[in-house]
Structures are given as C-alpha cells and as structure tokens.
Amino acid sequence: MTGGARATGGCVGGRPTRREFLRLAGFGAGALVLSGCGLLSGGRGDLPALSRPAPTGRVLEYTLEAAPTNFEIAGRELSTWGYNGGVPGPEIRVKEGDTLRVRVRNRLPAGTTVHWHGLPVPNEVDGVPHVTQSPIPPGGEFVYEFAAPAIGSYIYHSHVGLQLDRGLYGPLVVEPAREELSYDREYILMLDDWLDGLPGTPEDALGELRGSGRGMMGGMMRARGIEYPNYLINGRAPEDPASLTVRRGERVRLRLMNPSAETVFRFAPAGHRMTVTHADGQAIGPVEADVLRIGMGERYDVLLDADNPGVWQLAAVPEGKRGQARAVLRYRESAEESAPPADVQPPELQGRLLSYADLRDARERSFPDGGLFSGPDRTFELTLSGGMGRYVWQIDGQRYPEAEPLPVREGEWVRVQMRNHSMMAHPMHLHGHFFQLRNGTGCGPFKDTALVEAHMGELAFDFVADNPGEWFFHCHNAYHMETGMARVISYAGGA
Ligand code: C2O
Ligand code: CU
C-alpha cells in the first residue's frame with residue numbers, strides 16, 4: 001500500500017511563494033521535506049505519535065510562590081494573586097530533554113495547582129485538581145518534575161477554579177537543542193483581560209454571570225462575555241505599555257500567548273507584516289499575515305523584519321468587547337519619538353487575517369486517512385452548548401463534574417468532532433497530547449487548543465493516544481470550564 005491509494009487528504013493548495021517564506025523564516029534548506037503530506041502513509045506505524053527528545057541530563061530548578069500580591073497598573077495599586085510577586089509570573093526557559101523541577105509554594109488562602117499548558121507531561125504532574133492530584137493546601141508545597149517533552153511556547157497556570165483570572169500564570173519556553181530559525185531578538189507577549197473595580201473578583205464576576213448580582217450586568221455579560229475594565233500585555237496597561245526595542249535590520253521573534261480567562265484577541269503590529277512560524281508551539285509551514293486571532297490558551301510564534309523605523313503600536317483588540325491592549329515596538333533609531341496614543345488602532349487590523357485553513361504542519365505529517373486503514377479507531381461526536389437561561393456550559397449535554405469520562409485505549413487513533421450549538425466561541429483544549437486539526441489541507445497543524453466558532457461552528461481533530469492517564473479536555477474560557485464545560489479523557493479503556 002502506498003500513499004497513492006489515499007482517497008482523501010494530502011496537502012492541497014501549496015503556495016507558490018512557499019520557498020520565499022522558508023527563506024524569510026530562516027529555515028535551513030534541509031529542515032523540511034517538501035513532499036506532499038500523506039506520502040508516508042500506509043500502515044499504523046505511521047501514526048504521528050510524539051517522539052520524545054533524548055534526556056540531556058540537565059536539571060533546571062525553579063521556585064514558584066503563589067501568594068497575594070500588590071500589583072500596579074497605570075499608577076493604580078491593586079491587590080491580586082500572582083507568582084513570585086508579579087503578573088505574569090517569572091519566565092521559565094529550558095531546552096528539550098532538560099528536566100524541569102519546579103517547587104510550588106502555596107501562600108494563598110485557598111488550595112492551588114500548577115498546570116503546564118500544552119506540554120504533554122506525564123499525567124501525575126499535569127496539575128488538574130481532583131483528576132491528577134489534590135490541590136496543594138494553603139501553606140503547602142508540591143514539586144513538579146518532568147523532562148521537557150517538546151519544544152515550543154507554553155503557559156503555566158493555576159488550574160483551580162477561577163484563579164487563572166487573578167493573574168496566576170506565566171510563560172514557559174522549551175527551546176530546541178539547535179535552533180533552526182534565525183533571528184536577532186525575542187520577546188514574549190502575554191495578553192490578558194483584567195478585572196478590577198467592577199465587577200470585583202472573578203468569583204464576583206461569576207456571581208454576575210449567574211445572575212445573583214445586583215443590576216443588569218449579568219444578562220449582558222451572559223450574552224457577550226465579560227467587559228473587562230482593562231486589557232493588558234505583560235501585565236501593563238495601554239497607558240504604560242511594555243516597550244520592545246529593536247534595531248533596524250534585525251529580525252524579531254515574538255511569542256504571543258493568550259492566558260486570559262475570557263477574551264479572544266485580534267493581534268496586529270502596525271507597520272510590519274508577520275511571518276507566522278509556530279502554532280501552539282509547533283512548527284507550521286511559515287505563512288504571512290497582518291492579523292492573528294488568538295483564543296484563550298492559544299499561542300503563536302511570529303517573525304517580524306524590523307525594516308520600518310519608528311515607534312509602532314503592537315495592538316491586541318478584544319473581540320466583541322471595547323478597549324485595546326498594546327505594547328510598542330521602538331527602534332533605537334527612533335529613540336526620540338513619542339509612542340502613538342494608547343487607543344490608536346493600526347490599520348493592519350483590517351488586513352489579512354490568519355485562519356486555521358492557512359496552517360499546515362511544517363513536517364507535513366498526517367494520519368493515514370483513506371488508505372488501507374481507512375480511519376480512526378474511535379470517534380467522539382460532541383456538541384458544545386450552554387449559556388441560555390441558567391449559566392451552565394456543557395459538552396454533549398453533560399456538565400462536569402457530573403459527566404462521564406470519554407474512554408480511549410493506548411495506541412488508538414482518536415477523532416473528536418465538535419459542533420457548537422451555543423452563541424459563544426469555545427477554545428477547546430486537550431491536555432497531555434497534541435492533536436492535528438482537520439482543516440481541509442490533509443496535514444493540518446498540531447495544536448493543543450482550537451476555537452470552535454459560535455452558532456453551529458464545527459471543528460474536528462485527530463490525536464494518537466500515546467500518553468496514558470486521565471486527561472482534562474475543556475473549554476479554556478475559565479468561566480465556562482468552572483460551570484461545567486469539561487470532560488476527562490480516560491485511558492481506562494472501554495468498548
Ligand atoms: Cu490551560 Cu486545562 O488548561
Ligand atoms: Cu467555552
């Protein structure tokens with residue numbers, strides 16, 4: 001059986017300028033196999049399972065202290081919960097195969113856990129309360145230790161209740177043993193929606209959503225999401241933005257991450273085009289775009305060529321809400337110039353928007369769909385619903401924790417097909433695995449979080465059950481997760 005027998009799939013619509021993109025993105029000539037995807041198909045041995053890097057023997061130790069902390073945005077003192085006294089928490093950076101040992105101290109008045117969002121870690125360190133561990137009690141300590149299993153841009157965050165929305169998150173970067181991209185500088189941008197003043201704490205906001213609060217806010221919030229008073233990049237308000245310094249002629253890598261609780265952002269840099277190189281940390285065939293839409297829990301890595309001196313807005317606009325987060329890109333050559341006003345929206349926001357259909361796995365891996373082994377071993381067809389009347393959210397009519405696990409067996413090829421019966425988009429996130437988006441190209445990107453559009457939006461992905469355990473699968477809207485939109489994918493087996 002060869003790939004020629006494939007009935008469906010195969011990468012279609014290769015772009016004529018692909019080679020230029022590769023050059024722009026700095027991929028070495030040998031870095032990619034330019035065969036059509038699917039030519040490898042033919043047997044079950046070809047399932048694109050995760051190949052784990054060889055251990056380096058290096059151990060990197062970090063300490064995260066989760067505690068109440070004072071935090072200043074635009075001159076106002078706020079109190080919240082954060083890691084090591086800041087929001088975002090400290091950057092964690094390792095190389096693939098390194099062992100990461102993180103001691104988490106809980107100084108909060110509530111139990112907590114830390115989840116390594118996107119990384120296919122061993123199940124026992126996945127940090128999901130009551131699924132993989134008991135919460136670390138106030139005053140307690142827990143050590144997470146694992147070998148970094150895959151390169152990429154990740155987020156660590158609390159997985160208890162609505163703690164994520166208080167600021168308990170930070171960036172985690174796993175670098176390859178040898179970097180294939182060439183660039184001169186790198187910045188991480190973390191996009192956030194920030195509650196303060198009204199409606200108070202995340203628990204207060206949930207009260208409003210449930211309609212127990214006073215006033216009219218609840219109904220509007222239920223229909224459109226929470227209007228946050230602030231949108232931040234790297235913990236900074238638009239009036240006091242983070243400034244990214246570059247020199248003319250440099251190539252800059254941005255790692256864009258959305259750890260926000262409730263907001264999909266549209267990100268666009270003024271004056272520059274982006275070459276998108278990674279989705280959720282995994283390499284894609286590089287593709288150009290003006291605008292990225294980043295759901296909660298998603299990450300994109302992009303390259304910018306700094307060839308347009310000035311001081312430029314890097315804008316992140318909350319979808320369906322008012323306001324804007326921003327950072328500024330400042331050329332050394334333009335040190336004297338003042339930054340654009342906080343609310344100026346770059347015209348690039350109206351430019352070419354990257355869509356999932358543009359994304360292809362850089363290695364053009366694919367499941368051998370349509371060959372002799374014609375399809376997945378197991379398919380879950382799931383509806384997403386909720387938000388009408390009572391504020392509860394469901395996967396296939398069930399509301400976590402009163403929900404049945406979804407059974408899989410080790411080694412299986414599993415397909416998940418979702419249809420969204422609700423009026424909000426849901427960024428669905430699978431723990432412990434990368435999945436391949438079925439985006440019509442035959443070799444979609446490998447991701448761990450993907451938006452299912454509102455109003456009957458459909459999305460499907462495939463994954464190999466190659467990491468035994470009990471794995472959370474949920475909406476990354478913190479309020480949807482908290483009110484039921486979660487399931488456990490369980491390797492317990494089943495029919
Ligand atoms: Cu980012 Cu279940 O988590
Ligand atoms: Cu949701």
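In each ligand, atom 1 is the first atom listed, and ligand 1 is the first ligand listed.
- In this structure, G235 and P88 approach most closely via the heavy-atom pair N-CD, 3.9 Å.
- Ring pair H159/F472: centre-to-centre distance below 6.0 Å.
- The aromatic rings of W116 and Y144 lie perpendicular to each other, with more than 60° between the two planes, well past the 30° mark.
- Atom 1 (Cu) of ligand 1 has an N, O or S atom of H157 under 2.8 Å away, backbone or side chain.
- In this structure, NE2 of H159 and NE2 of H431 enclose an angle of 110° at atom 2 (Cu) of ligand 1, rounded to 10°.
- Vertex atom 1 (Cu) of ligand 1; arms to H476 atom NE2 and H117 atom ND1; angle 100° (nearest 10°).
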What do the steps show when you test W413 against R415 for side chain to side chain contact (heavy atoms under 4.5 Å, CB included), and what is the final call?
CA-CA 7 Å; W413 165 6; R415 177 166 297 167; 3.9 Å; yes
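- The angle subtended at the Cu ion (ligand 2) by ND1 of H426 and SG of C475 is 130°, given to the nearest 10°.
- Within the 3.5 Å criterion, the main-chain N or O of M424 finds a donor-acceptor partner in the side chain of N420.
- Within H480, the N/O/S atom positioned nearest the Cu ion (ligand 2) carries the name ND1.
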